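To start, the structure itself, in structure tokens.
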Amino acid sequence: MSQETDWADVRVVGIPRALLFYRFGVLWTTFFEAIGRTVVVSEATDKAVAEAGDHLSVDECCLASKVFVGHVEALVGKCDAVFVPCYPTGEPRSGFCTKFQSATDLVRATFRDQKLRVISCEVRNARKMKDVRRAFEGMAARMGVAPRDAKAAFKAAWDAQRAHDAALADAQERTLRALDERRREAQAAAAAGKPVEEPLGILVVAHPYITHDPYLSGAVIESLTDMGATVLYADAVDHERAYKKSFDFSDTMPWLINRELIGAILLLQERVNGIVLISAFPCGPDSMTDDAIMRCIQGTPILNLMIDAQSGTAGVETRVESFVDILRFQQKGGYTHG
Ligand code: SF4
């Protein structure tokens, strides 16, 4: 079989429910289904998946990439090939962490004994539709798909991802407006001498594969909601607005997702009572950007949490509860001076 159509026999495509699946998963699944493939997404992360990934990875890998490897392992024998795209680091100001550049090679090398087939494409610049289209149409050609069908599939996939992202951003904006309204009502009640507890909005800032993986961040989100806080997500802000806003913070920051997260902080800072940063140990980009956020974002209390393969989220509940208690105390004027 020539290289041009060497993936034509791949009928069932496995997609690991990890890393950029949480950012581009709608595009990926819609595309494969639109070219007539069956998509199998690995089940939600659990202890077994996390431990398998830990076992197959070198110690230096971050928790998120170990979990990713565990998801690939879970797909062995359940699909004809696993889809592991490459998102390179090199694009100035919209690049990705090196883990995304090396993911395809890493999976091929890790699973070579199982002879796991890997299909892939290289997306040069994830913000440019033309670049993404070129990558997916090139992959479709190797899968034996006619150019016209690949083009139509890509359009459907691109539109589906955009619609999904817009729906998330709209839903979050409605939550924010409701929060603003409840705050105004609480202030009016206080002015009328009938004080009620003000609502508390907390912005969770983390890579989407951390925030939305219940195994990794579930304990944090649960603790916040159990304590009555309204949880907002930095990755659910309109990506384009957040990306542009991030240049108010830094002209040089190289990573797309960190840019979107920082832009979201700048856009929402005035509308939340506190920020919870969550990182997976040891994350290179976050070690730099979290430090900059802690130093440069003034006026909004920040809790910085690190989760790792050994301790997971053990102990985070206590830290989250203390943070929320402090914010509530502050709402009541506990820390005002003068
Ligand atoms: S950005 Fe951080 S958490 Fe994400 S893959 Fe890279 S090192 Fe891991």
Side-chain angles (χ1 to χ4, degrees), residues 15-25 28 42 45 49-50 52-54 56-73 82-107 109-110 120 122-123 125-127 204-218 220 233-235 239 242-243 246 249-250 252-265 276-294 304-313 316:
I15 302 185
R17 189 186 295 272
L19 294 182
L20 293 180
F21 173 77
Y22 285 94
R23 178 69 170 77
F24 303 121
W28 299 349
S42 54
T45 311
V49 167
D54 191 32
L56 288 164
S57 305
V58 294
D59 285 350
E60 289 71 25
C61 286
C62 69
L63 174 60
S65 64
K66 288 177 178 173
V67 165
F68 168 76
V69 171
H71 278 274
V72 176
E73 212 265 342
V82 175
F83 174 57
V84 185
C86 167
Y87 285 79
T89 59
E91 203 58 36
R93 299 173 185 79
S94 55
F96 285 83
C97 153
T98 51
K99 300 287 188 301
F100 302 117
Q101 176 159 315
S102 58
T104 315
D105 291 338
L106 178 110
V107 169
T110 306
S120 183
E122 182 176 330
V123 177
N125 186 331
R127 295 186 63 250
V204 171
V205 181
H207 291 267
Y209 42 87
I210 305 291
T211 312
H212 302 292
D213 185 330
Y215 183 79
L216 298 177
S217 285
V220 177
Y233 299 100
D235 66 288
H239 296 312
Y243 177 79
S246 72
F249 189 88
S250 166
T252 53
M253 182 183 296
W255 306 290
L256 174 65
I257 294 189
N258 289 84
R259 277 202 170 275
E260 291 173 349
L261 296 175
I262 285 178
I265 293 177
V276 175
L277 296 178
I278 313 173
S279 288
F281 181 81
C283 174
D286 284 2
S287 67
M288 192 175 141
T289 56
D290 286 0
D291 182 61
I293 289 168
M294 297 295 285
N304 193 0
L305 297 173
M306 180 75 75
I307 48 176
D308 64 43
Q310 272 68 45
S311 57
T313 52
V316 295

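One-based numbering, in listed order, for ligands and for the atoms of each. The model shown is predicted, which means the values in this text are computed figures rather than measured ones.
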>> Can you confirm whether Phe281 is buried at CZ, in the sense that more than 12 heavy atoms of other residues, nucleotides or ligands lie under 6.0 Å from that atom?
In response: no

>> Ignoring hydrogens, what is the shortest heavy-atom contact between Thr45 and Arg17? Give both atom names and the distance.
In response: OG1-O, 4.5 Å

> More than 12 foreign heavy atoms under 6.0 Å from CE of Met288: is that the case here?
Replying inline: no

> Can you pull the residues with any heavy atom under 4.0 Å from ligand 1?
Replying inline: Cys62, Ala64, Cys97, Lys99, Phe100, His207, Tyr209, Cys283, Gly284, Pro285

> Between Arg93 and Thr252, what is the shortest heavy-atom contact and its length?
Replying inline: NE-CA, 4.2 Å

> Side chain of Ser279, backbone of Asp286: donor and acceptor closer than 3.5 Å?
Replying inline: no

> Is Arg23 positioned over the aromatic face of Tyr209, cation under 6.0 angstrom from the ring centre and no more than 45 degrees off axis?
Replying inline: no

